[in-house]
Each structure stands twice: as structure tokens, then as C-alpha cells.
Amino acid sequence: MSLELIDGINKIHEFLTSNIEAAWVVSLIEYVLVGLGFLTLYALIALFLIIFERKICAYFQCRLGPNRVGPWGIFQVFADMVKILIKEIIPLKHNDKLLFYAAPFIVIMGSLLTFGGLQFAEGVHGVDFNVGVFYLLAVSSISIIGVMLAGWSSNNKYSLIGAMRSGAQVISFELSACLSMMAIVILGGSMNLSDLMAAQEDVWFIFQSPFTVVALVIYLIAAHAETNRGPFDLPEAESELTAGYHVEYSGITFGFFYVGEYCNLFINAAIGTLVFLGGWQAFHLPFAGCEGFNAVMDAIPSYVWMFGKTLLLIFLSLWVRWTFPRLRIDQLLRLEWKIMLPFSLANILLMAIWVALVK
Amino acid sequence: MKKYFTDIFSGIWNLLKGMKITGKVLVSPAVTECYPEKRDELQPKERFRAELTMPHNENNEHKCTACGICAMNCPNQTITVKKSKITDENGKPKIVLDQYLYDIGSCIFCGLCTRVCPQGAIEFTNNFEHAVYTRSKLIKQLNKPGSKKVEVAKPAAPAAKPAQAGQNEVAAPKQENENKQ
């Protein structure tokens with residue numbers, strides 16, 4: 001009796017192949033099932049993160065948080081979800097209707113494409129190809145097009161300023177996020193996520209080199225800035241821009257932005273986990289005589305490791321969000337271009353030297 | 001160049017200090033009280049201003065001299081002091097309190113009335129449940145029916161007593177401030 005998800009998936013596959021003759025029907029059913037599974041997981045993660053953030057934020061402010069609907073208020077998000085689904089979508093006059101309604105879909109599409117490239121447990125992933133890290137970085141940048149379109153098509157100066165700030169911020173911090181992950185690609189010798197996982201089986205990348213720690217810190221800051229959350233939330237600074245690029249959206253169109261934001265939080269933490277903290281690999285001690293300890297760690301299912309580490313990074317992100325005040329746009333860009341970019345470039349160089357000399 | 005690096009590392013150190021503070025707050029218990037569920041266990045802070053009252057002693061006597069300073073200091077004209085002039089047994093004219101009306105609907109709970117009262121005749125209490133069905137019920141008469149001003153035995157005492165009362169009034173919040181720090 002194994003607790004791993006891959007065994008259940010294999011059983012479903014065997015059941016389908018033994019009952020259905022045509023191979024293409026089996027594939028079709030499996031594609032539909034995988035798609036449904038991804039969409040459900042996406043929505044559930046967004047709901048979980050919303051209640052998680054509300055509770056954590058409450059504890060950071062000595063409050064209780066939602067506590068009326070269900071035990072500890074855990075069903076509050078479902079009530080909110082139903083509310084946002086039945087809310088009216090208010091149409092605007094004098095705006096670009098097509099772009100206005102396309103923008104939330106572009107945001108959610110970029111987020112979902114990234115979600116599909118992740119690995120959730122041993123052998124559980126949507127796609128696995130040789131440029132996995134590159135793919136994740138590439139498609140996670142699609143969302144910014146949606147954000148810019150939303151700001152532009154709203155015909156609202158606050159939206160436009162928010163979107164422009166968001167564009168400047170995301171494009172800047174993308175550089176550091178990518179460069180910090182390039183350091184890991186040098187260390188792992190591959191862009192394939194499965195290869196990176198295999199390289200982390202004994203020791204996670206974070207413990208393999210001092211430069212991975214620097215890369216992780218840079219990645220966490222850059223990824224946090226990419227999600228447009230405080231202290232980097234100046235694109236949606238409510239006190240100066242009302243809500244930034246999504247001020248004109250209502251109902252489920254706003255809900256898409258909201259869900260996209262929370263899922264991006266998860267996706268960034270998950271990428272950080274996969275690339276730096278060993279993903280779904282258990283914590284192993286690479287010394288002789290630690291076999292018992294390693295066996296105990298292996299007994300914990302791989303998805304528990306994956307989601308546990310991801311949750312840890314999400315918690316760190318929330319901690320930062322509820323601690324620091326918002327940066328100004330010039331401070332934000334100075335942080336990226338004058339501090340983090342030189343550091344990550346130097347880090348890549350040092351990592352290459354480390355790999356050449358030590359490994 | 002040196003400043004560039006020291007700035008970065010001192011900045012990171014300061015950020016970590018900030019996170020340490022919020023981390024402490026995270027694990028400290030919540031200050032929120034669940035109101036209807038834990039109604040009996042509620043312990044509002046002593047300085048919490050919820051309702052103006054006029055304490056009466058066991059002989060149904062209060063300390064109010066109907067001077068009207070509280071009404072004058074009230075920013076919202078929440079307090080109305082209705083008084084009348086009578087002649088006492090010595091033939092001297094004397095002002096007595098008829099009705100001390102307090103409209104809680106317009107009170108902003110600033111506490112200026114209790115601060116300025118030379119007699120210490122009124123004070124704020126913690127009873128915060130003011131829900132009523134009509135607005136007229138929000139206007140309360142603070143002096144109980146049939147009550148009168150507490151009589152002072154010696155003629156010299158009135159001068160001394162108010163001063164004492166005033167001192168206490170000023171001293172009490174100060175002490176609490178010190179405790180807080």
C-alpha cells in the first residue's frame with residue numbers, strides 16, 4: 001500500500017486500457033481528466049491560499065480573522081466565491097470592450113500555463129520536457145500582458161498608471177528571478193525539472209553550494225515583487241491608485257485577477273521549492289549511518305514534502321507582506337537594477353567557477 | 001563602494017529586525033474578543049469609555065453642584081444640565097440640580113466632561129451595550145429621582161475636597177500611562 005499519487009494514476013490508466021480498446025479514446029479521456037484535475041487543483045489552491053492569507057494576516061495583527069462560517073471560518077472562502085460568481089459585471093462606456101474582457105483571461109491563462117509546468121509529486125506533472133525551467137519563466141511572463149491590457153482598456157488614469165508601474169516592475173524583476181535560476185541550471189547541468197529533481201535526491205540544491213543561498217534570496221525577493229504584493233504592491237496601491245489596473249473590473253472578471261494573483265503566489269513558491277529546496281524530494285542526510293533517518297523521511301509521501309515546502313515559502317512571503325511598508329517606484333527600480341541585478345550576475349559567475357572547481 | 005555594500009547588509013539586517021518584531025506579534029495571542037459568545041467573560045479595559053454615569057452613594061446622594069462646566073466643555077452639546085435656584089434654610093440662594101440629561105446618541109466619548117468636573121461627580125463606565133429601539137431612549141437622566149447633592153459637614157471642607165478630587169482625576173490617567181510604558 002503506497003501513498004504516492006503516481007500509483008493511483010497508474011491504476012486509473014490500467015483500468016482505462018483494460019476496458020477500452022482504442023488507444024486514442026484512452027488518451028482523450030486521460031487528457032480531459034488531467035485538464036479537469038489541473039483546473040480543480042488550481043481553484044482549490046486559490047481558495048486555500050485566500051483563507052490562509054486572511055488567517056495569517058489576522059494573526060499578524062493580533063486579530064482572529066474569519067471565524068463565523070464553518071469551523072475557524074474555513075468555509076468563508078466558499079461563501080465569497082459564490083458571492084463573486086453571482087455578482088453583476090458592470091459594463092463601461094467608452095472603453096475597448098474586446099481588450100477589456102480579454103485581459104482577465106490572458107492573466108489567468110499565463111498563470112495556468114505555468115501551473116501546468118510544475119511537478120507536484122513523484123511522477124505527477126503535466127508536461128516534462130527538456131526546457132522546463134525556461135518554459136516556466138517564459139509563460140509566467142504572459143500575465144503581464146493581461147495586466148497592461150486591463151490598465152489600458154479600462155480608459156481610467158489610475159488603471160493606466162497602475163498597469164504601467166506593474167509592467168516596469170514585473171519586467172525588471174523577471175531579470176533577477178531568471179538569473180538566479182540560471183545559477184541553479186549551471187549547478188544542476190540541466191533545464192529539465194525531472195533532471196533537477198534527480199540531482200537533488202541526496203542533497204537539496206540549497207545545501208549544495210553557498211551561492212544557491214544567495215540565489216534563493218534573490219529569487220524570493222524577485223518572485224515576491226512579480227506577484228505585485230506588498231511591499232512591492234505599488235501597482236495596486238489602494239491609497240494612491242484606488243486599486244490599480246483592476247479598478248474597473250467587477251464580478252468574476254475581477255475574480256480572475258484575484259485568483260490569478262493568489263495562484264501566482266503559489267506558483268512562485270512552488271518554482272522556488274522545485275528549483276532550490278528539492279521539490280518533492282525528501283530531506284536526506286548524505287552521510288553513512290543515516291539510512292534509518294533517510295528511510296523515515298522517505299516514508300512521508302512526496303506530495304506532502306512538495307506542498308509543505310511550498311507552504312513554508314508562501315508563509316515567508318506573507319510574513320514579508322504584512323511586515324514592510326510599500327516602496328516608492330524609484331526605490332523599487334533602484335533595488336532591482338542597482339542591487340539585485342549586479343548581485344545575481346556576480347552570483348552566476350561565482351557559481352560557474354564553483355561548478356568548474358568543486359564538482 | 002564600501003557604502004554600497006554596508007548599506008545593503010545593514011538594510012537586510014534591519015529588515016530582519018522588522019520581521020522579528022512581526023514574528024513576535026504573530027505568536028502573541030489575539031486581542032479580539034468573540035462578543036456574543038463570550039459575553040460573560042469580557043473584560044474591557046478600565047479606561048475604556050462606554051457610558052457616562054453619575055455615581056450615587058448609598059443615601060442616594062451625588063456630588064454634582066450643577067455648575068455646568070461639563071455641558072460647556074462638551075463638543076457635541078451632549079450634556080444638558082437643568083438647574084433651579086432655591087433658598088436654603090439660612091436664607092442664602094442656592095443652585096440645585098434638577099435633571100442631568102445625557103444623550104448617548106451624540107456622545108463621542110472624548111471624556112472631556114469627566115476631565116473638567118471639579119467635583120469628580122461623573123465618570124465613564126464600561127457598559128457598552130446601548131442598543132435600544134427608539135432614539136428617545138438614548139437620552140438618559142443621570143441623577144436618580146429624589147437624589148440630592150451630598151452635604152459636606154464643615155464649611156471649610158468644600159474648598160479642600162474638590163481640589164483633592166481634581167488631583168485624583170488628573171493623577172489617575174498619568175499613572176496608567178506610566179504603567180503602559
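Only a predicted model underlies this, so the values are computations on that prediction, with no experimental measurement involved.
Of the two parts of A:P325, neither the backbone nor the side chain holds a non-hydrogen atom closer than 4.5 Å to a non-hydrogen atom of chain B. Proximity to chain A (any heavy atom under 4.5 Å) is shown, for B:L15, by both the backbone and the side chain. For chain B, the nearby part of A:F324 is the side chain; its heavy atoms alone come within less than 4.5 Å.
Taking the ring axis of A:F232 as reference, the NZ or CZ atom of A:R165 does not stay both within 45° of it and closer than 6.0 Å to the ring centre.
In this model, no donor atom of one side chain and acceptor atom of the other lie less than 3.5 Å apart for B:T22 and A:W322. Under 3.5 Å, the side chains of B:N127 and B:E129 contain no donor-acceptor pair of N or O atoms.
Put simply, the side chain of A:W319 gets close to the backbone of B:M19: a donor and an acceptor are under 3.5 Å apart.
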